[in-house]
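Here is the structure we will look at, set down as structure tokens.
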Amino acid sequence: SRTYTGLISAFAKAGKFDRAYGLLKEMRTQGAAPDTVTYNVLIDSLGPAGRTSEAEALVEEMLRQGLQPSMSTYSILMKHFGREKQWDKAEEAFQNMQRAGIRPDVVVYGTLIDAFGRAGEWGRAEHVFEDMLSSGVDGNAAVFNGLIMAYGKSRQADKAKAILQRMNRAGIAPTVVTYNSILDAFAREKRVEDMEAVFRNMLLGEYSPNLITWNTLLKGYGEVQRMKSLDETLRKMALSGVEPD
RNA sequence: GCGACCUUUA
């Protein structure tokens, strides 16, 4: 059954859905029942293909087969809805999960915060964050980063940057993603001086810029046509020898 | 064996 799941995952991620589905049928005839993970990997692969409704149908099928969607199933679905900016659907899945008796963990909360943030619903993102804390679930860097993105997307770079203080108080170390998200927030507002200040702090903090860091800086300089800075950044990027993570 | 965050739904 795990062998089939692995194969299905490989085909589905390669966009060969017909083959993946074929294997799903084959499993049954072989008496190797698809389990929750089998469905999860399939559902996950359908998102990037823009086949979210098919993913929903698979969840229905799981239920019909008597399989309980797991917390991963819900977070995968919520992630896809979030990427489609369907925050209401993400929230609905979140509620369905709780109705099924599953208590959300930090990943699920993070996914919901992200879904709200992508849709520009920063107030809802904040609310969920507070709910998470009241439920006794501690935030981690990914969750704080999601909040930062929510502010950045809604043009509130100062609030995005202020999250650093909140993380510090919570004893959560920023990550490269944290810095990249704040850089992006300033880039969006064309505030390149602020962006540079954040970048300097990042380096002082011994963080290594990754490809996304450089691309974000380039985006910021591009916004204001700072050709000289663009040029310097391209040079530094080449010197740094970055590779995609 | 599967789940959340950054440039980039291009």
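Below, read A as the first sequence line, B as the second, and so on, with proteins coming before strands; counting in each chain starts at 1. Values below: every heavy atom of this structure, side chains too, minus hydrogens, waters and symmetry copies. Bear in mind the structure is a predicted one, so any value in this text is a computation, not a measurement.
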Under 4.0 Å protein heavy-atom contacts per nucleotide of nucleotides 4-10 of chain B, with B for base, S for backbone only and - for none: BBBBSB-
Atom-pair distance (CG on Leu67(A); C1' on C2(B)), nearest Å: 14 Å
Main-chain N/O of Val177(A) paired to Thr175(A) side chain as donor or acceptor, under 3.5 Å: yes
Side chain to side chain donor-acceptor pair (under 3.5 Å): pairs with one or both residues in residues 33-42 of chain A, sequence neighbours excluded: Thr5(A)-Thr38(A), Arg28(A)-Tyr39(A), Asp35(A)-Thr38(A), Tyr39(A)-Glu61(A), Asn40(A)-Ser70(A), Asn40(A)-Thr73(A)
Nearest-Å distance once atom P is located in both C5(B) and U9(B): 11 Å
Distance between C1' atoms of C6(B) and C2(B) (Å, rounded): 23 Å
Salt bridge (charged side-chain N to carboxylate O under 4.0 Å, His left out) contacts touching residues 234-245 of chain A (sequence neighbours left out): Asp231(A)-Arg235(A)
Test ring pair (Phe, Tyr, Trp, His ring centres under 6.0 Å) applied to Phe199(A) and Trp214(A), step by step: CA-CA 10 Å; Phe199(A) 182 58; Trp214(A) 296 115; 5.7 Å; yes
Lys13(A)-Ser9(A) side chain donor-acceptor pair, cut-off 3.5 Å: yes
